[in-house]
There are 2 protein chains.
Amino acid sequence: MLQLLAHAGADHTPVVLTSRELGERLGVSQQAASRYLLDLERRELVVRTLANRRQRLHLTPPAMELLRGEYRDYRRIFEGPGRTTISGEVTSGLGEGRYYLSQPGYVVQFTERLGYAPFPGTLNVRLRPSEARRLAVVRDWNGVRVDGFEAGGRTFGGATCYLALLNGRRSHLIRPDRSHYQDVIEFVAPERLRTRLHLKDGDPVKANLEER
Amino acid sequence: MLQLLAHAGADHTPVVLTSRELGERLGVSQQAASRYLLDLERRELVVRTLANRRQRLHLTPPAMELLRGEYRDYRRIFEGPGRTTISGEVTSGLGEGRYYLSQPGYVVQFTERLGYAPFPGTLNVRLRPSEARRLAVVRDWNGVRVDGFEAGGRTFGGATCYLALLNGRRSHLIRPDRSHYQDVIEFVAPERLRTRLHLKDGDPVKANLEER
DNA sequence: ATTACTAATCATCGAGTAG
DNA sequence: TCTACTCGATGATTAGTAA
């Protein structure tokens, strides 16, 4: 149903579609289509405006995210896992990485889903604009999800992690859902990369990114 | 289930997966997973070899075609409809187009699904190798299907049609499932293109192909 | 351990119909 | 017309268990 609505354009503009039409295209009855819509509405995947007997439908961002996830899965089958290289130079952050990676809410998730306890701090890498553009494709990859949570009266956002070999060392690129910077990216690893790789600000680094 | 198997690599090599594992990953019981497999096997989408209690699974070509169709649908949502231009020069076929397009089995399907009664004959266009390569992407598009059938003791293969503007005229590129040539493509239209466009062998033509 | 049958349960569907 | 309710039938799922 979501796929059908997306094809009809409900991803970018409200679309008028009767439940009878939807039912026909889905091969189910009008009643079933109506129920599906109610269900999707309840799950906040579809927003409906009922103007005198005609419903206008449009898809919410979570619905598009869901469809994009499916798209990613199918693309992985036919195009294979994504792979790219990105290079930049080491830079200093504002100590935010250390702060976030000391939050238990993040630590348990990183440990469970990445398979290692993260060193409490991130390595910041500044990208040149051309490199930043190459990073855009990573958005369409299937990464390891880290969910947002609330703690101590504030909310911590979610992120997606992508396996990386940073100068040959196992690490993960972290992409926060709400990213502030575009030219600085952060890596997390089981060890302090700066020490292990003898890096200082301005040193060039190269990361091999792999999907999954 | 098919998607899951494809991800596990069952598209190119047999994979050992218990029904318990499959059930877990699908969020259903072991019994249900077993039933799904039996069903898929009956529909010839999965081939199973049961070696002493361990089943090895692999996906059949029809299953991959089914998944590819899904992939196409999702890609259309996020990448938009495909569009390309292809050029070549008019050539003479062997009169096969006329023969095929006089088969009622094809005529009714073309008429219903393309929206016009096809002129009984195709326009053949010879491509240079560089152009032929650009045609490869069309394989991943969603086209109009024309199914194969049997008539008069022989079988006629299926094909996929793609909307084209050939020198501005509405027509369809025909891609037979079992294509013999790679450098010659065929177009069908409601009228005799050769006459309407005043074409003779060797004349250059340009086709704007659009998905859907 | 497996796969898969049977029986009971449960969810889903469409017909009829109300608003 | 439209959406969406109730309800009986149909279908699917799981638990228990056999092979």
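Chain identifiers are assigned alphabetically (A, B, ...) following the order of the sequence lines, protein sequences preceding nucleic acid strands; residue numbering begins at 1 within each chain.
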Salt-bridge criterion met for Glu150(A) and Arg154(A) (N-O under 4.0 Å): no
Below 4.0 Å: OP1/OP2 of dA4(C) and any side-chain N or O of Arg48(B): yes
Between P on dC2(D) and CG on Leu22(A), what's the gap in Å once rounded to a whole number? 12 Å
Dot-bracket line, read 5' to 3' along DNA chain C, where crossing pairs take [ ] and | marks a partner on another strand, Watson-Crick or G-U under 3.5 Å: .||||||||||||||||||
Taking N and O atoms by type only, does the side chain of Gln31(B) place a donor or acceptor under 3.5 Å from a partner on the base of dG16(D)? yes
note: Glu41(A), atom CD; dT3(D), atom C1'; distance rounded to Å ~ 11 Å
For Tyr116(B) together with Phe110(B), are the ring centres under 6.0 Å from each other? no
Applying a 4.0 Å non-hydrogen cut-off, can you work out what Leu37(B) is touching in the nucleic acid: base, sugar-phosphate, or nothing? nothing
Give the rounded distance in Å between these two atoms: CZ of Arg20(B) and C1' of dA1(C). 10 Å
Here's a test of your reading of the structure: between Leu38(A) and Arg54(A), which maps to the more 5' nucleotide of DNA chain D? Arg54(A)
Take Arg35(B) and Ser19(A), find for each the nucleotide of DNA chain D with the closest heavy atom, and name the residue whose nucleotide sits nearer the 5' end. Ser19(A)
Is it the case that Arg98(A) places NZ or CZ above or below the six-membered ring of Tyr100(A), under 6.0 angstrom from the centre and within 45 degrees of the axis? no
Is the backbone N or O of Glu44(A) less than 3.5 Å from a side-chain atom of Thr60(A), with the two atoms forming a donor-acceptor pair by type? yes
Please confirm whether the backbone N or O of Gly158(B) pairs with a side-chain atom of Asp147(B), one donor and one acceptor, at under 3.5 Å? no
Pick base, sugar-phosphate or nothing for Thr18(B), based on heavy-atom distances below 4.0 Å to the nucleic acid. sugar-phosphate
Using atom CG of Leu26(B) as one end and atom C1' of dT14(D) as the other, report the distance to the nearest whole Å. 15 Å
So that I can tick it off, tell me whether Glu186(B) and Arg175(B) are bridged by a salt bridge, with the cut-off set at under 4.0 angstrom between side-chain N and carboxylate O. no
At 4.0 Å (heavy atoms only), tell me whether Gln30(A) reaches a base, stays on the sugar-phosphate, or touches nothing. base
Roughly, in whole Å, what's the span from CG in Leu57(A) to P in dA4(D)? 10 Å
Separation of Met1(B) atom CE from dT13(D) atom C1', in whole Å? 14 Å
Length of the line joining Glu21(B):CD and dA1(C):P, which is rounded to integer Å: 13 Å
Counting only side-chain N and O atoms of Tyr36(B), is one of them less than 4.0 Å from OP1 or OP2 of dT13(D)? yes
With a 4.0 Å cut-off on N to O distance, would you call Arg43(B) and Asp39(B) a salt bridge? yes
What is the distance, to the nearest angstrom, from the CG atom on Leu40(A) to the P atom on dA4(D)? 12 Å
